[in-house]
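Have a look at the structure below before the remarks.
Side chains are part of it too, since the values below use all heavy atoms of this structure and drop only hydrogens, waters and symmetry mates.
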Amino acid sequence: MITYDNLIKTTKEKIPLFAIRYDDMLHKDIIDKEAGNHIVFNYVFTPILIDLIENKEEEEIKKFFSFVEEMASSEDIRVTEVCDQSILELLYDEFGDDIEEYFGEKTKEGFNAIKEYMN
């Protein structure tokens, strides 16, 4: 199960592109190991996902959204907060409703709550 405390480790294990970018940003001192989950997802995970969507890399997009669905389904409320605030909110700002085709049930619930809040 994904928890707030294992979120970065689990993401690195399940999403190789994330692991590469995360390690690169650590090496370049853009982020550090003490960066919180929200910062890491704002600066690493979500920008990768935005690039994938813009470049229509369907296979990778599906991998990322499968993981987002796991996050949205977590019993740890802090994980769902990272999902909502540091992924879905940024995606809504960038794409509006144009990406809903990738959402699972829990992701869609979180996204709809964000849309309601933002409007």
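- To the nearest 0.5 Å, the span separating CG on L91 from CZ on F65 amounts to 5.0 Å.
- Between P47 and F41, the closest heavy-atom pair is CD-O, 3.9 Å.
- L90 and L7 fall into different hydrophobic clusters, where Ile, Leu, Val, Met, Phe, Trp and Tyr are joined by side-chain heavy atoms under 4.5 Å apart, directly or via other members.
- V68 is not listed as a side-chain neighbour of F103, based on a closest heavy-atom distance of 4.5 Å or more.
- Inter-residue side-chain proximity for L52 and L17 is flagged as met; some heavy-atom pair is nearer than 4.5 Å.
- Atoms CD and CG, on E57 and L49 in that order, are 11.0 Å from each other to the nearest 0.5 Å.
- The number of heavy atoms from other shown groups lying within 6.0 Å of OH (Y4) is above 12.
- Here the side chain of N6 pairs a donor or acceptor atom with the backbone of M1 at under 3.5 angstrom.
- Put simply, the side chain of E70 does not reach to within 4.5 Å of the side chain of V79, judged on heavy atoms.
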(Q) Applying side chain to side chain contact (heavy atoms under 4.5 Å, CB included) to I61 and I99, what does each step give before you reach the verdict? (A) CA-CA 10 Å; I61 293 168; I99 56 170; over 6 Å; no
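- Looking only at distances, no side-chain donor or acceptor of S86 sits under 3.5 Å from a matching main-chain atom of T46.
- Side-chain contact check for D51 versus R21: some heavy-atom pair is nearer than 4.5 Å.
- For the pair E69 and E105, the minimum side-chain heavy-atom distance is below 4.5 Å.
- Taking each heavy atom of K115 and D97 in turn, the nearest pair found is CD-OD1, 2.9 Å.
- Closest of all the heavy-atom pairs between E89 and I114 is N-CD1, 3.7 Å.
- In this structure, the separation between NZ on K12 and NZ on K14 is 15.5 Å, given to the nearest 0.5 Å.
- Side-chain contact between E100 and F95 is absent, with no heavy atoms from C-beta onward closer than 4.5 Å.
- The environment of CD in E116 is sparse: at most 12 heavy-atom neighbours from other residues, nucleotides or ligands sit within 6.0 Å.
- Taking every heavy atom of both residues into account, V44 and M25 meet most closely at CG2-SD, 3.5 Å.
- I48 and I20 fall into different hydrophobic clusters, where Ile, Leu, Val, Met, Phe, Trp and Tyr are joined by side-chain heavy atoms under 4.5 Å apart, directly or via other members.
- Aromatic rings of Y22 and F45 (six-membered ring for Trp) have centroids beyond the 6.0 Å cut-off, not under it.
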Q. Going through the distances and angles, do E81 and R78 end up as a salt bridge (Lys or Arg N to Asp or Glu O under 4.0 Å)?
A. CA-CA 5 Å; E81 287 172 349; R78 297 171 300 168; over 6 Å; no
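- A continuous path of Ile, Leu, Val, Met, Phe, Trp and Tyr side chains, each step under 4.5 Å between heavy atoms, connects Y117 with Y92, placing both in one hydrophobic cluster.
- Between N37 and I8 the shortest side-chain heavy-atom distance falls below 4.5 Å.
- In the model, Y102 has a side-chain atom that pairs as donor or acceptor with a side-chain atom of E58 under 3.5 Å.
- Put simply, CD1 on I15 and CD on E13 are 11.5 Å apart, with the number rounded to the nearest 0.5 Å.
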Q | Step-by-step side chain to side chain contact (heavy atoms under 4.5 Å, CB included) determination, T10 to F67 | A | CA-CA 10 Å; T10 303; F67 188 75; 4.1 Å; yes
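- A salt bridge (Lys or Arg N to Asp or Glu O under 4.0 Å) check over residues 29-43, counting only residues at least two apart or in different chains, returns nothing.
- For the pair T80 and K106, the minimum side-chain heavy-atom distance is 4.5 Å or more.
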